[in-house]
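This structure is in structure tokens; I'll ask about it shortly.
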Amino acid sequence: MKVKSKLSFFDKIIFWLNALLCLALLISYLAPIVDPKKAWVFAFFGLAYPLLLIGSIAFMLYWMLRRKWHFLLSLVCIIVGWNVLRNSFALHMQSSGSYGPNAMVTHMMTYNVHNFKRYGSNNDISTKQEILQLIAEHRPDIIGFQEFYTRKTGQYDMRDSILKIMGTNWYYFEPVIANTQEAIGPAIFSRFPIVAHGIVPFSNKLGENSCLYIDIKKGDKQFRVYSVHLQSIRFDPDDYKYLNSISKQGKGDGSSVKRVGSKLKTAFIKRSDQVVKIKEHAAQCPYPYIISGDFNDTPSSYAVNQMSKGLKNAFREDGTGFGRTYNGDFPNYQIDYIMASPQFEIQNYLIIQKKLSDHYPVMSDLILK
């Protein structure tokens, strides 16, 4: 069958729109390799990568249905970014999770619990109970919490509740905000003995965005677990209101665009610096290690790409789909990760899709060789 090549006026408009989108897609491939401190504009294209990818696929299908060779434009651009695609989208079958009886397996979970409350809500007992039940059902050996909240006594003594559920006495908690009754901060709980712990400092003062680590003794082996909470965007209610108006009505204003863009730019740059500090610290680690947590950035970002260098990314190894881990308003992408040094084998990967926090918990079974 002969393929039509001549374009109508309408198709010419579609073609130029297709070309512009493909150009934006190609620019987005620079986001994982260009430091935002040097050229921050590429980070915005990286953030838009999933939408650019979907748009390119839509154009490709349009041209194929029209029996035009122009579908090759989108196809070639998608193939050029194959590595970015593999980091962002996976098609692995779910692993059975089987391993030998002598395997040195660790059930790892990372979970930003948003102070044990549903996103945008106040504390409520049902959410707390459902999160505790989730942890009890999945039985992680190690949990890295971001935005952990606990009271010293009573039904919101979450520290005590987690220890009882996991059947352990081992944990490391660094309060960022605290008074005589309650505290908020990063925390790591472990079924295995913690022989050392510490902080990778991002600044002179420990803040909401931080990195803790624990050294664990399991049998005759020792390994380290980092729990990371990279720079947040720090959107306020007005920012979310503006983003909702854009998504629903397509309306916005210049001052809001500038404000939101400035916050994104600042976060991109700070995460770049924070990743450098974590990687330098991990490079001095004398034994195998796991880096997990809320990176607040997407698989096509500079921060995630730099963090994953030399490591096994559990999603890329055994994930499925786009791996969305954030269920709040923005960015509604994969921003939570589990990565491990080469001495670990990734056995499986799971996103537990229960909207109890603004993040889904992420789990992976890792076998230390």
Side-chain angles (χ1 to χ4, degrees), residues 103-113 116 131-132 134-136 138-152 157-176 178 183-202 206-230 277-294 307 311-312 314 336-341 343-347 361-369:
M104 185 70 75
V105 63
T106 297
H107 308 291
M108 181 74 212
M109 175 184 284
T110 181
Y111 198 178
N112 184 325
V113 289
F116 293 96
I131 291 176
L132 292 176
L134 181 151
I135 294 169
H138 290 275
R139 297 183 56 80
D141 294 321
I142 303 169
I143 311 177
F145 286 108
Q146 301 84 48
E147 298 183 22
F148 184 80
Y149 168 84
T150 188
R151 293 179 183 169
K152 291 194 174 180
D157 184 351
M158 303 306 296
R159 175 171 41 194
D160 183 63
S161 296
I162 299 294
L163 290 173
K164 286 181 179 178
I165 285 175
M166 294 183 66
T168 184
N169 294 316
W170 301 103
Y171 74 98
Y172 176 37
F173 177 42
E174 279 287 352
V176 174
I184 297 172
I188 313 177
F189 290 73
S190 172
R191 293 183 190 274
F192 313 126
I194 297 175
V195 297
H197 60 75
I199 302 170
V200 180
F202 291 162
L206 182 67
E208 172 192 345
N209 299 116
S210 56
C211 177
L212 304 185
Y213 70 89
I214 57 173
D215 291 345
I216 289 172
K217 183 78 171 178
K218 183 178 181 183
D220 60 349
K221 294 188 177 182
Q222 193 164 319
F223 62 95
R224 176 171 293 175
V225 176
Y226 291 90
S227 183
V228 175
H229 191 190
L230 296 185
K277 292 174 182 177
I278 295 169
K279 294 291 283 188
E280 287 177 347
H281 192 278
Q284 303 302 315
C285 183
Y287 25 79
Y289 59 88
I290 299 167
I291 298 179
S292 67
D294 176 5
M307 188 78 86
L311 303 178
K312 293 181 178 178
D336 303 85
Y337 303 86
I338 296 175
M339 301 178 182
S341 58
Q343 299 93 331
F344 286 93
E345 177 185 334
I346 307 297
Q347 183 66 23
V362 177
M363 283 197 74
S364 183
D365 289 348
L366 303 99
I367 297 176
L368 183 58
K369 301 174 184 177

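What you see below is based on every heavy atom in this structure, not just the backbone, and it leaves out hydrogens, waters and symmetry mates.
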Is the closest side-chain heavy-atom distance between Val105 and Ile367 below 4.5 Å? yes

Can a donor-acceptor pair be found, under 3.5 Å and without considering hydrogens, that links the side chain of Asp215 to the backbone of Arg224? no

Taking the side chain as every heavy atom from C-beta outward, state whether Lys218 and Leu368 have any atom pair closer than 4.5 Å. no

Are side-chain heavy atoms of Lys277 and Pro201 found at a separation under 4.5 Å? no

Please answer whether the main-chain N or O of Ile338 pairs with a side-chain N or O of Ser292 as donor and acceptor at a distance below 3.5 Å. no

For the OG atom of Ser227 and the CE atom of Met109, what is their distance to the nearest 0.5 Å? 12.5 Å

Closer than 3.5 angstrom, by distance alone: can the side chain of Ser364 be matched with the main-chain N or O of Ala314 as a donor-acceptor pair? no

Between CE on residue Met166 and CG on residue Asp141, distance to nearest 0.5 Å: 7.0 Å

Parallel, tilted or perpendicular, judged at 30° and 60°: which one describes the rings of Phe145 and Phe116? tilted

Test item: Ser190 side-chain N/O and Phe192 main-chain N/O as donor-acceptor pair under 3.5 Å: yes

Pairwise distance CD1(Ile143) to CD1(Ile162) - rounded to 0.5 angstrom: 5.5 Å

When you compare the side chain of Met158 with that of Leu132, does any pair of heavy atoms fall below 4.5 Å? yes

Are a donor atom and an acceptor atom from the side chains of Glu174 and Tyr172 found within less than 3.5 Å of each other? yes

Rounded distance [0.5 Å steps], CG in Asp365 versus CD in Glu345: 11.0 Å

Indicate yes or no: at least one non-hydrogen side-chain atom of Thr106 is less than 4.5 angstrom from one of Val225. no

Side chain to side chain contact (heavy atoms under 4.5 Å, CB included), that's the test. Do Tyr111 and Ile131 meet it? Break it down for me. CA-CA 10 Å; Tyr111 198 178; Ile131 291 176; 3.9 Å; yes

When the aromatic ring centroids of Tyr171 and Phe148 are compared, is their separation below 6.0 Å? no

Between Phe189 and Leu163, is a side chain to side chain contact (heavy atoms under 4.5 Å, CB included) present by the stated rule, with each step listed? CA-CA 8 Å; Phe189 290 73; Leu163 290 173; 3.6 Å; yes

More than 12 heavy atoms of other groups within 6.0 Å of Lys164 NZ: no

Please walk me through it: do Thr110 and Tyr337 pass side chain to side chain contact (heavy atoms under 4.5 Å, CB included)? CA-CA 8 Å; Thr110 181; Tyr337 303 86; over 6 Å; no

For the CG atom on Asp160, are there more than 12 heavy atoms of other groups (residues, nucleotides or ligands in this structure) within a distance under 6.0 Å? yes

Any side-chain heavy-atom pair of Leu311 and Lys279 under 4.5 Å: yes

Side-chain donor or acceptor of His229 paired with backbone N/O of Glu208 under 3.5 Å: yes

What are the two closest heavy atoms between Leu212 and Pro186, and how far apart are they? CD1-O, 3.5 Å

Which heavy atom of Ala187 sits nearest a heavy atom of Phe173, and at what distance? CB-CD1, 3.7 Å

Between Lys312 and Ala340 (side chain of the first, backbone of the second, donor and acceptor by atom type, cut-off under 3.5 Å), is there such a pair? no

Going by heavy atoms in the side chains, are Arg139 and Arg191 under 4.5 Å from each other? yes

To check you understand the geometry: which heavy-atom pair defines the closest contact between Gln222 and Pro288, and what is its length? O-CD, 3.8 Å

Would you call the rings of Tyr213 and Tyr226 parallel, tilted or perpendicular if under 30° counts as parallel and over 60° as perpendicular? tilted

Could you check whether the rings of Phe223 and Phe344 sit parallel, tilted or perpendicular, using 30° and 60° as the cut-offs? perpendicular

From Met339 atom CE to Tyr289 atom OH, the distance as rounded to the nearest 0.5 Å: 11.0 Å

All heavy atoms of Lys217 vs all of Val195, minimum pair found to be CB-CG1, 3.8 Å

Which atom of Val362 lies closest to which atom of Asp336, heavy atoms considered: CG2-CB, 4.1 Å

Closest heavy-atom pair, Ala178 versus Ala183, reported as atoms and distance to 0.1 Å, is CB-CB, 3.9 Å

Looking at CD1 of Ile142 and CG of Leu366, how far apart are the two atoms once the value is rounded to the nearest 0.5 Å? 9.0 Å

I'd like to check Asp294 versus Val228 (side-chain heavy atoms, cut-off strictly below 4.5 Å). Are they in contact? no

